[in-house]
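Structure first, then comments.
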Amino acid sequence: MSAQQTYTVLSGGVGGAKLVLGLQEVLRNEQLDVIANTGDDFRHLGLTICPDIDTLLYTLSGNANPETGWGRRDERWVFMETLEQLGGETWFRLGDRDLATHITRQALLDSGLTLSEVTRQLATALRVDTRIHPMSDDPLRTRVVTADGELEFQDYFVRQRAEPVATGIHFAGADGAAMAPGAAAALTSADNAAIIISPSNPWLSIAPILAVPGLQSTLLNSSAPTIAVSPVVAGKAIKGPTAKLMRELGVRDGVLGIAEHYAGIIDALIIDRQDAEYEEAIKALGLRVGITDTVMKDLSDKTALAQFVIEFAATVAGRARGAA
Ligand code: FO1
């Protein structure tokens, strides 16, 4: 690959961060730009919490909690124990080490830095060279609509353990949010060999990114191919509480549901070997199909998938489609 070929990756949640780690292993630092979902962000205990940015920072620096994928490894919980004693809100678990990130971020934001600038400082402190860009420096928040009204994402997902019945989601602040400068620069770079949509939840982690005004049309105007990696394998619904949410939202899960959801946006979809039977049906949607092992259990799985994505991308011609 020529020196200056770059890859721009849209990522949210734990699944996305795994592929980004694999790409970080196989690419040089200057070749990789990550656009992180900030729709899960919320204000808690006076702190601006950015879960998907922190999952990327911790995963890419080897600090992620291997069991949960979020928060830090080797964590201690003295702060939480003491907060409980004082009658504070402990439903959102903040470890002692993780807390230092939130306090540092808030202090830098309060000093007037943008979220992009704060993220760069945190990445530098954690020796993460991969460029991580928030999708926007303005608040754009995923809200879950339920019979009892609209809930902040973390309140729904963590505090209420996704129990309320959801009738919809929407992205508060979408109309006023601007693309973060780094995200816009990455998506419009002439050096882009591909734009990659990581195996994150399309409705919860990727949709907020695409809801930033101008981001989707910028992606569609790129001459680089857009390639998504399916977050579901072998018809298994997206796991955990999000599977319930997907059912309630009436989205069609499975690789065909993913292909239909992304059809107007992507040029190609990478699916797992276990879903090879759907290759023709996905091609019938006008998509190229890459087939490989997409389940990432260890670093070698992540690296192998990243290598496949890069090699497959080189065979997919991007189409500069008119502004959507
Ligand atoms: N998820 C939980 O299910 N319970 C928690 O207590 C929790 C705390 C937490 C703290 C920091 C952080 O960055 C993430 C945290 N998460 C927790 C995960 C978070 O809800 C999800 O990572 C994203 O919002 C969805 O990808």
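Counting starts at 1 for both ligands and their atoms, following the listed order.
- Side-chain contact, E25 with T303: no donor N or O sits under 3.5 Å from an acceptor N or O.
- A donor-acceptor distance shorter than 3.5 angstrom exists from the side chain of R131 to the backbone of E30, with no hydrogens or angles considered.
- Of the N or O atoms in H102, none lie within a sub-3.5 Å distance of an N or O in ligand 1.
- Applying the side-chain hydrogen bond (donor to acceptor under 3.5 Å, both in side chains) test between T8 and each of D33, T188, N192 identifies N192 as the sole match.
- With respect to atom 11 (C) of ligand 1, the closest heavy atom belonging to the protein is D98 OD2, 3.5 Å.
- D52 OD1, 3.3 Å is the protein heavy atom nearest to atom 26 (O) of ligand 1.
- In terms of protein heavy-atom proximity, atom 24 (O) of ligand 1 is closest to Q154 NE2, 2.6 Å.
- Only side-chain heavy atoms of F153 come within less than 4.0 Å of ligand 1; its backbone N, CA, C and O stay farther off.
- Under the 4.5 Å side-chain criterion, counting only non-hydrogen atoms from C-beta, L269 is not in contact with V289.
- Residue W91 has at least one heavy-atom neighbour below 4.0 Å for each of these atoms of ligand 1: 6 (O).
- A heavy-atom distance below 4.5 Å is found between the side chains of L256 and I282.
- Judged by distance alone, the side chains of N37 and S205 never bring a donor and an acceptor atom under 3.5 Å apart.
- Between the side chains of R141 and Q154, no donor N or O sits under 3.5 Å from an acceptor N or O.
- Looking at ligand 1, you won't find any N or O of D54 less than 3.5 Å from one of its N or O atoms.
- The protein atom (non-hydrogen) at minimum distance from atom 16 (N) of ligand 1 is W70 CD2, 3.4 Å.
- The nearest protein atom to atom 23 (C) of ligand 1, hydrogens excluded, is given as D40 OD2, 3.3 Å; this is a heavy-atom distance.
- Close approach of ligand 1 to G13 is summarised as follows: ligand atoms under 4.0 Å from at least one heavy atom of the residue are 26 (O).
- Residues T315 and R288 have side chains that bring a donor and an acceptor to within less than 3.5 angstrom of each other.
- Of all the heavy atoms of L204, none lies under 4.0 Å from any atom of ligand 1, so neither backbone nor side chain is involved.
- With a 6.0 Å radius and a threshold of 12 heavy atoms from other residues, nucleotides or ligands, R76 has its CZ atom at or below the threshold.
- Protein heavy atom closest to atom 4 (N) of ligand 1, with residue, atom name and distance, is V158 CG1, 3.4 Å.
- The protein atom (non-hydrogen) at minimum distance from atom 21 (C) of ligand 1 is P51 CB, 4.3 Å.
- Every atom of ligand 1 is numbered from 1 in the order shown, and the set under 4.0 Å from a heavy atom of R93 is 5 (C), 6 (O), 8 (C), 9 (C), 10 (C).
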